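Below you'll find the structure, written out as structure tokens, and then a few comments.
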Amino acid sequence: YERGIIHLSNGDMDAAKSDFEDVKISKDNFKNIQYYLGLVYYRAGIYEHALQAFNRYIGATGGDGDTYYYKGLSNASIKHYDEAIADLNKALPYKKNNLLIHVKLYELYVQTNQPEKAVASLSAMIELSPKNKVSELYMERSLLYGQLGDIEKSNTDRTKSRETAVSMFN
């Protein structure tokens, strides 16, 4: 088990997978191994196996933010967008300030034509992002507000985008 974690940390997915599968065979009820096995499969691009391992871990433990996050990324990778959105939203209570979750949710909401939810994700991204990145996010949210027909909010965000861009150089 420990050797598998070392291999995973060093990026050797084949060795990590082998070590984790050996542990799974010898200790079938060893819950944490399912999480690590899912992570190895995810990083190796074997998303269906990753989902199976994450589901076993969630079934045994109830899940946690990291598991739902990687399960969501695995689902997104195989274009199971509704499941990906559901998993990432389950990760949020554990990891409210995780910018990457909001970024992925934003991408999925845009991809699935849910602009209202994309606006909410962008709003969270604005709150969590470094100040030198918010100008672009305000402009993106301005475009979504325009798509939704809210011209006043669109113009307000366009102004905020310009103001924050200028303030970076002052």
Side-chain angles (χ1 to χ4, degrees), residues 1-25 27-134 136-138 140-141 143-144:
Y1 170 74
E2 290 83 7
R3 191 174 64 211
I5 292 174
I6 291 169
H7 288 306
L8 177 64
S9 299
N10 292 331
D12 188 348
M13 296 303 127
D14 290 332
K17 181 169 96 51
S18 176
D19 286 342
F20 290 140
E21 286 175 341
D22 288 346
V23 171
K24 185 181 82 176
I25 291 166
K27 296 179 181 178
D28 203 28
N29 63 351
F30 194 48
K31 296 175 226 164
N32 289 338
I33 205 67
Q34 297 304 319
Y35 169 77
Y36 289 112
L37 198 53
L39 196 55
V40 167
Y41 284 132
Y42 167 74
R43 289 186 179 169
I46 308 170
Y47 303 116
E48 293 290 347
H49 286 22
L51 289 169
Q52 291 170 6
F54 290 137
N55 283 332
R56 284 191 298 268
Y57 179 81
I58 290 167
T61 67
D64 56 45
D66 289 330
T67 307
Y68 282 116
Y69 174 70
Y70 285 109
K71 184 175 178 241
L73 295 181
S74 296
N75 270 315
S77 295
I78 57 175
K79 299 183 182 351
H80 292 172
Y81 299 132
D82 291 338
E83 292 91 341
I85 289 168
D87 288 331
L88 292 170
N89 276 307
K90 288 177 185 173
L92 275 178
Y94 298 98
K95 303 169 112 11
K96 281 185 176 152
N97 295 327
N98 186 315
L99 180 61
L100 295 177
I101 294 173
H102 292 288
V103 169
K104 192 63 183 179
L105 279 168
Y106 163 73
E107 291 171 354
L108 289 167
Y109 288 140
V110 168
Q111 203 157 20
T112 58
N113 196 29
Q114 299 181 61
E116 297 90 355
K117 291 181 178 180
V119 165
S121 291
L122 270 172
S123 297
M125 291 164 58
I126 289 168
E127 292 298 316
L128 295 171
S129 291
K131 296 305 169 204
N132 64 338
K133 298 293 182 189
V134 296
E136 298 152 7
L137 296 174
Y138 278 123
E140 187 65 26
R141 193 171 69 178
L143 296 172
L144 282 173

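Just so it is clear, the structure is predicted and the values come from calculations on it, not from any experiment.
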Considering all heavy atoms, the nearest [X]-[Y] contact:
X: Ile126; Y: Lys131; answer: O-NZ, 4.3 Å
X: Ala91; Y: Gly65; answer: CB-O, 3.5 Å
X: Lys95; Y: Asp66; answer: CE-OD1, 2.9 Å
X: Asn55; Y: Lys71; answer: OD1-CE, 2.7 Å
X: Leu108; Y: Ile85; answer: CB-CG1, 3.8 Å
X: Gly72; Y: Ala84; answer: O-CB, 3.3 Å

From NZ (Lys90) to CG (Asp64), nearest 0.5 Å: 13.0 Å
Could you measure the distance from the OG atom of Ser121 to the NZ atom of Lys104? Nearest 0.5 Å is fine. 12.0 Å
side-chain contact (heavy atoms from CB on, under 4.5 Å) partner of Tyr35, chosen from Asn32, Leu39, Ile33: Leu39
Can you name the side chain to side chain contact (heavy atoms under 4.5 Å, CB included) partners of Pro130, sequence neighbours left out? Asn132, Lys133
As a quick check of understanding, evaluate side-chain contact (heavy atoms from CB on, under 4.5 Å) for Leu105 and Leu92, giving each step before the final call. CA-CA 10 Å; Leu105 279 168; Leu92 275 178; 3.8 Å; yes
For residues 60-116, which residue pairs pass the ring pair (Phe, Tyr, Trp, His ring centres under 6.0 Å) check, not counting sequence neighbours? Tyr42-Tyr70
